[in-house]
Amino acid sequence: MSALFSLKRGLARASGGLSRISGRGGGTTLPGRLLVGMAPDAIERLAQDLDRGSIVVSSTNGKTTTAGMIAGVLAAAGRHPVHNRAGSNMHWGVATALLEQVGDEGLFELDEAWLPRVAPQLRPRLLVLGNLFRDQLDRYGELEHLADEWADLVESLATTAPAPDSAGSAPDGVGFALCADDPLVADLGRDAELRRRPGVTYFGIEDASQALPELQHAHDAKHCRRCGAAYRYDRAFVGHLGHYSCPSCDAGRPVADVAATRVELRGMAGSQLLVDTPEGELGLELPLPGLYNVYNALAAITAGLRSGVPLETIGAGLESTRAVFGRVETIEVAGKPVSILLIKNPAGANEVLRTLRLEREGPGEGLDIWIALNDRIADGRDVSWIWDADFELLADGVRRVVCSGSRAAEMALRLKYAGWPRDRIEVSDRIAASLDDAVTAAPGRLFALPTYTALLELRRLLSDRGLAAEYWD
Amino acid sequence: MRTDLELRLLALYPEQMNIYADRGNIIFLQRRCEWRGIGFSYAAAGPGEGFDPGEHDLVYIGGGQDRDQVLVAEDMLRSKGAAIDSAIEDGAALLAVCGGYQLLGHSYQLGERSIQGLGVADLETVRGEGERLIGNIAIEADLRPGPDDAEALVLSGFENHGGRTHLGAGATPLGRVVHGHGNNGRDGLEGVRRLNMIGTYMHGPLLPKNAPLADLLIARALERRSGSEVALEPLEDDLERLSHQAALRAAGGG
């Protein structure tokens with residue numbers, strides 16, 4: 001390593017400590033920002049130290065949780081990778097993790113748009129790709145364009161030099177853990193002749209009882225990527241994730257190697273799973289709710305197996321997984337439980353609404369909900385996505401809702417047109433005041449549904465009150 | 001309350017052209033009819049399907065990804081071109097947003113490829129080499145069909161388009177850009193308007209942010225059906241006004 005690079009690295013590293021001392025929390029990416037500014041090739045140079053290579057995770061929905069689950073699985077096996085666990089998934093977040101942590105392997109979640117540029121620099125040994133949904137069109141552009149970029153990445157990784165050895169069953173090249181149920185992702189695992197690429201492991205859900213009654217409106221993969229024909233769906237589980245086939249070519253859903261054969265959802269309490277894997281069957285009490293977390297767990301199981309972790313250890317790691325902040329965490333505020341569920345795009349929001357629908361079943365006058373809709377760059381400036389999410393699902397299930405954030409009024413408007421009674425909808429722009437109002441009025445649990453930057457504001461607020469200090473890195 | 005009235009809406013290619021939450025525009029129209037006791041019927045025409053222009057008074061087409069838009073363009077010209085033209089000439093209301101707007105024109109030049117449009121509006125679109133035109137937008141629209149009863153209505157929304165649209169000499173814009181890019185980011189014009197047809201790059205979705213425009217389309221469609229002037233009953237529009245104002249503020253317009 002050159003003396004100049006060492007100096008830059010030292011300067012950048014020091015900035016992290018300064019940032020924290022000055023009390024400016026959230027400075028988790030400052031060192032990385034400084035370093036990649038001074039040395040654009042920093043990530044590649046730092047990643048050279050990762051002798052066992054990296055696991056790289058990306059998807060529209062669930063990448064932070066999936067990476068968190070994989071970290072839990074590896075931790076259960078006594079392995080502690082360099083991991084950008086603060087959810088900062090652009091290149092400076094990765095650089096910060098590489099600067100501040102030491103380890104012989106990496107675990108990185110990457111933003112969908114950054115993935116093609118950053119992944120090749122991280123000595124990837126396994127690429128874990130979950131799903132691609134309509135999300136922030138103003139930032140990511142069209143979904144098919146993103147899918148094309150991912151395809152180029154997989155093509156180039158699949159045909160380049162072998163990856164570093166992982167423990168146990170090391171593939172000769174880069175491995176891929178792909179969701180069989182997302183046509184946009186599954187197709188990445190096949191070459192031009194539709195043959196499965198070496199090193200590909202598919203995961204998916206087999207339990208037909210979890211299928212949606214009909215395809216949801218926010219449905220993003222209608223045409224076969226190979227021939228353009230409309231896919232035929234036997235069932236869909238989450239958005240366009242499901243069992244599909246192409247009527248005119250063979251590019252249908254591949255067989256899932258890691259498959260959830262039985263799924264029982266238990267609302268906010270989580271789910272019970274039976275998972276078939278090449279190493280045997282795994283029964284699992286997953287402490288996180290919703291089918292989307294079943295997909296995240298399947299991805300983590302696949303990554304664990306591909307990293308040589310025994311099946312029982314994988315199970316133990318997943319069962320002890322805690323929610324990532326803002327992804328179904330419950331925090332007590334003024335003596336009442338506040339369950340926080342991030343919403344950020346139609347597919348993700350729909351799953352949150354389905355989970356709340358399960359909570360609604362049973363006696364009571366309905367749920368108390370706080371929704372904060374912001375339109376900053378990290379949320380997407382374009383808030384039209386709320387009209388693609390199925391808020392209609394809860395029209396008859398709400399006791400009181402408080403809408404907050406920079407586009408609070410439009411959130412309230414969406415709910416009114418989704419059939420929520422107008423006299424149960426409040427509008428209050430300010431995050432802190434509206435949260436207190438919602439908590440005070442709630443007879444019991446409050447469900448808090450913030451968009452990404454509203455979640456950051458909420459985190460700051462709760463941290464200032466000493467309620468969520470453990471989430472500061 | 002006129003319970004004999006019915007809004008007969010036709011959505012063109014709702015499965016293909018829905019990228020910017022176009023469903024929001026439809027939900028908005030539907031509810032506003034229901035709350036007034038006006039009937040609402042919804043029909044869709046997808047690939048290969050024609051329609052009877054006399055059976056629908058408000059036609060809607062939204063935006064799509066490039067690939068869907070190319071498929072739709074060819075199919076629409078073949079299976080629906082004549083019906084759309086006849087509906088517009090006969091006074092039906094038509095709202096085309098983003099990709100749907102581009103297809104109203106003569107052609108859409110996408111790189112090497114030229115897509116033929118419906119030609120019901122005198123305009124052409126070219127996918128420029130430059131950046132996509134993205135952001136909140138506010139325009140001042142002149143929405144009355146005749147020049148005598150012109151009335152400026154401020155509309156707010158969100159635009160996200162790679163294509164640059166240029167109006168021909170015979171075309172009337174929907175409005176003038178106050179904040180944002182509009183048709184091409186240069187001439188300060190946004191959208192197109194002819195008879196009761198409106199084409200625009202503004203989504204967000206457009207109608208929930210601009211309730212008066214939604215009501216104007218409903219009224220025009222009902223008038224075409226009933227043959228007499230329709231005055232809509234006002235609704236409690238507090239959230240509608242707040243949403244409009246928030247969108248205007250986001251566009252930098254106050």
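Within every chain, numbering begins at 1; the chains are lettered A, B, ... in the order of the sequence lines, protein sequences first and strands thereafter. Because the structure is predicted, anything quoted here is derived from the model rather than measured.
When each of A/Arg422, A/Arg414, A/His223 is scored by its heavy-atom pairs under 4.5 Å with chain B, the top score falls to A/Arg422. Chain A forms more heavy-atom pairs under 4.5 Å with one residue of B/Asp68, B/Asn136, B/Ile19 than with any other, namely B/Ile19. Among B/Arg132, B/Arg32, B/Gln16, the residue making the largest number of heavy-atom pairs under 4.5 Å with chain A is B/Arg32. Interface summary for chain B: among A/Asp375, A/Leu413, A/Ile386, the most heavy-atom pairs under 4.5 angstrom belong to A/Leu413.
The side-chain heavy atoms of B/Tyr20 and A/Asp382, taken from C-beta on, include a pair separated by under 4.5 Å. Residues A/Lys416 and B/Arg31 fail the side-chain proximity criterion, which asks for heavy atoms closer than 4.5 Å. Annotation: side chain of B/Leu239 is not in contact with side chain of A/Met411 (no heavy-atom distance under 4.5 Å).
Interface remark: B/Gln30 contributes no atoms to any contact with chain A (heavy atom separation under 4.5 Å). Using a 4.5 Å cut-off between heavy atoms, B/Asp66 touches chain A through backbone and side chain atoms alike. Neither the backbone nor the side chain of A/Ala408 comes within less than 4.5 Å of any heavy atom of chain B.
When the shell of 6.0 Å around CG of A/Asp250 is examined, it contains 12 or fewer heavy atoms from other residues, nucleotides or ligands.
Of all non-hydrogen atoms in A/Tyr417 and B/Ile27, the two that sit nearest each other are O-CG2, 3.6 Å. Nearest heavy-atom pair, B/His203 versus A/Ser384, reported as atom, atom and distance to 0.1 Å: CD2-OG, 3.9 Å. Listed here is the closest heavy atom pair of B/Ala250 and A/Arg381: O-NH2, 4.5 Å. Between B/Gly204 and A/Glu410, the shortest heavy-atom distance links the atoms O-OE2, 3.6 Å. Nearest approach of B/Arg23 to A/Ala389, heavy atoms of both residues: NH2-O, 3.3 Å.
Between the side chains of A/Arg134 and B/Asn18, at least one donor N or O sits under 3.5 Å from an acceptor N or O.
The line from CH2 of A/Trp387 to CG of B/Leu207 is 9.5 Å long, rounded to the nearest 0.5 Å. Considering CZ of B/Arg67 and NE2 of A/His145, their distance stands at 15.0 Å, rounded to 0.5 Å.
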